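A quick note: this is a predicted structure, and the numbers were derived from the prediction, not measured. Order of the sequence lines fixes the chain letters, A, B, ..., with proteins taken first and strands second; residue numbering starts at 1 for each chain.
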Amino acid sequence: MIHLLKIEYSKLRHYSTFWVMLIIYAVMVPLAIFGFAQLERPPLLNGSDKLHFPHTWNFVTYVASIFNMLLGILVVLIVTNDFNFRTFKQNIIDGLSRGQVITAKFLIVFVLALVVALYTILMALFFGFLYSDEIVSVFENFYFVGIYFIQTLGYFTLAFLLAILLKKPALSIVIYAILFVFKFIFYFVLGAIGSQFIPMNIFADLTPFPILQEQIAMLEGPQAEGFALIISQPIRTAVAIGYIIIFIILSRVILKKRDL
Amino acid sequence: MSNIILQVNGLSKSYKDVNALSDLNLQVKQGTVFGLLGPNGSGKTTTLGILLGVIRQKSGNYSWFENGDKTENRKNIGSLLETPNFYPYLSAVRNLKIVAKIKNIEAPTPQIEEVLKEVNLFDRKDSKFKTFSLGMKQRLAIASALLGDPDVLVLDEPTNGLDPQGIAEIRELILKISKNNKTIIIASHILDEIEKVCTDVAILKFGKLIKQGTIEEIIGTENYIIVASTDMSKLTQLIDENAEMGVFKSSEKEIILKVSKETTPESLNQFFFDKGIVLSQLKVHTQSLETQFLEIVK
């Protein structure tokens, strides 16, 4: 495992695009958190109240998740590069098995998701301590980070599968971005309930718009019917993990069967 | 260890409705330089692709080192398949370090420097792969194949893109390596290349094995000699009368004769002279593998 991870890392260590995209992500996330925090419109909490513990965990993971698209594109690049340079093929010729090649790739993506989750923890702690007047219940709602990690992994494995399927970077990125940005289209096609089970929506809803769920729960009568069913967080998390496992298995099967 | 390095049994592969390879059987012994010959699209690269684990065969099997098709076998095979495949943004050394990691080579730096010197790329060791010319890329791929001192080299069109000097250098390198009881498998359509380095040859056409044997067996028991005379009609007549001589090809200017190995230019000259013909041209046709090859794949 460590050996495979080292091989993958030596491919990325001097790949400037990788570092540039990580830096863009690292800069954009705090800027966006700060920017969103200035918004004063209901149903959001007032101003910087959003960043008080324990609200900060929901808010920070929500804002950070918007930039997961950027990192998803990075995952597409990492995977399609090896098709583009024919180095998947060369790695196998040189003595890796097909299983090892895909495991190595998945491991590095997994580590990337871990790093992103850690960075988000740091961001939440930073803004939480900066804006909270009194430091109480710091780690209440900390579970959002775990859910955020699953979400990131979900986006990454979907990007991974697309890259393995399509092999071409431009095409994979366009389709990934369309799925990411226009996921609301499924609402019109599959209805309010069905569309929630689409992988992109399952992943996106893991870090819900802050406070929105409480607002909806408070609705009564006819107003509430439009939101008749919102999948509960535990079920959503389980479905997300299911999708992740399916994406990984599909990627493996495709790469194992294909001529390179 | 037994001396059979590679055994191929009934290997077949088809792409949609095209049979790229049908029922290929081969055996490669240790220490041979094995040439896989064939025109474009005859199945050379498909064969090597299957043997190196990147293409799935439809049926049949193969065994390296009498150890089946295990992944580990490939760590002891240095390969160059089709094109040089490297990370364009990494230097020659960093690319080779990845290969060394895959092949589990400990402390690879001295070895990497050695193989880069072997292919004359040492001066450019820290240049990025994308800045290399086609010939340099090809030489890096050969250096990569040499890494770890494998027992077998598989080289697909190894002199592709090289200048004449580079071709000569690679040929010498192959001959040098083959002296150390290493086995080398070369796929090529450049017959000159095969003839100069190979001990054994297999000829493929439309995915089928046409002929396999040592280079002497393939080149055969015949010599090809070019003759010409000022009196071409009398020369033709004499040749027609003589059952031992066959005409391989003839034109108005010269005739290429197919004669037995025992027939030397000297004896031939004497024969025609005795019959009253003075030859204006007498030359041994050197590209005998090419001649054979063209006849075999016709």
Side-chain angles (χ1 to χ4, degrees), chain A residues 1-23 74 77-105 107-108 111 163-164 167-169 252-260, chain B residues 13-15 20 45-46 48-58 64 69-91 93-105 108 126 128-130 137 140-141 144-145 147-148 150 154-156:
Chain A
M1 293 274 263
I2 297 292
H3 180 63
L4 293 176
L5 207 51
K6 275 186 183 165
I7 292 172
E8 278 309 309
Y9 182 63
S10 50
K11 296 177 189 175
L12 294 180
R13 212 174 129 201
H14 301 278
Y15 180 44
S16 51
T17 309
F18 174 74
W19 297 109
V20 170
M21 284 180 81
L22 276 190
I23 289 167
L74 185 57
L77 279 180
I78 292 174
V79 178
T80 52
N81 268 352
D82 276 281
F83 285 114
N84 224 1
F85 308 146
R86 300 185 192 215
T87 34
F88 263 139
K89 183 174 157 182
Q90 192 63 40
N91 289 169
I92 290 169
I93 290 171
D94 288 336
L96 290 183
S97 69
R98 283 166 192 255
Q100 283 175 318
V101 161
I102 194 127
T103 305
K105 222 23 136 191
L107 281 176
I108 198 86
V111 169
I164 296 273
K167 295 196 273 187
K168 300 201 168 49
R252 267 191 95 91
V253 168
I254 292 168
L255 198 72
K256 280 204 156 190
K257 287 207 168 156
R258 187 189 273 165
D259 285 341
L260 290 165
Chain B
K13 172 76 187 176
S14 52
Y15 296 104
T45 300
T46 301
L48 297 183
I50 293 171
L51 296 177
L52 295 172
V54 290
I55 297 176
R56 295 250 176 251
Q57 70 265 42
K58 197 176 89 188
W64 287 103
D69 56 5
K70 292 194 184 78
T71 300
E72 288 305 307
N73 292 341
R74 293 200 292 275
K75 292 187 173 150
N76 197 13
I77 304 169
S79 312
L80 157 59
L81 192 65
E82 274 184 296
T83 46
N85 306 321
F86 294 99
Y87 297 91
Y89 53 84
L90 293 181
S91 68
V93 167
R94 284 181 178 143
N95 266 300
L96 292 187
K97 275 189 176 160
I98 292 179
V99 178
K101 276 201 182 95
I102 291 174
K103 290 192 180 283
N104 295 328
I105 299 168
D126 294 318
K128 286 180 178 169
F129 177 68
K130 64 181 170 197
K137 287 177 177 175
L140 182 62
S144 168
L147 206 58
V154 175
L155 306 171
D156 186 11

Q) Among Thr71(B), Val54(B), Asn95(B), Asn76(B), which residue forms the greatest number of heavy-atom pairs with chain A at distances under 4.5 Å? A) Val54(B)

Q.
Please identify, among Glu72(B), Lys75(B), Lys70(B), Arg94(B), the residue contributing the most non-hydrogen atom pairs under 4.5 Å to chain A.
A. Arg94(B)

Q) So which part of Asn84(A) gets closer than 4.5 Å to some heavy atom of chain B, the side chain, the backbone, both or neither? A) neither

**Q.** Region of Lys257(A) that comes under 4.5 Å of a non-hydrogen atom in chain B
**A.** backbone

Shortest non-hydrogen contact from [X] to [Y]?
X        : Y        : result
Asp82(A) : Lys11(A) : OD1-NZ, 3.4 Å
Trp64(B) : Leu51(B) : NE1-O, 2.9 Å
Leu77(A) : Met21(A) : CD1-SD, 4.1 Å
Lys58(B) : Ser14(B) : CD-OG, 3.3 Å

Q: Measure from NZ or CZ of Lys137(B) to the centre of the six-membered ring of Phe129(B) and say whether it is under 6.0 Å with the direction within 45° of the ring axis.
A: yes

Q: Report the option among Gln100(A), Lys256(A), Arg13(A) that has the most heavy-atom pairs separated by less than 4.5 Å from atoms of chain B.
A: Lys256(A)

Q: Please check if any side-chain donor atom of Asn91(A) sits under 3.5 Å from a side-chain acceptor atom of Lys105(A), or the reverse.
A: no

Q. With no hydrogens and no angle check, do the side chains of Tyr15(A) and Asn81(A) hold a donor and an acceptor under 3.5 Å apart?
A. yes

**Q.** Contact listing (chain A partner; residues 77-87 of chain B; heavy atom under 4.5 Å)
**A.** Ser79(B), Leu81(B), Glu82(B), Thr83(B), Asn85(B), Phe86(B), Tyr87(B)

Q: Sort Leu90(B) into side chain, backbone, both or neither according to what part of it lies under 4.5 angstrom from a heavy atom of chain A.
A: side chain

Q) For Lys13(B), is it the side chain, the backbone, both, or neither that has a heavy atom closer than 4.5 Å to a heavy atom of chain A? A) side chain

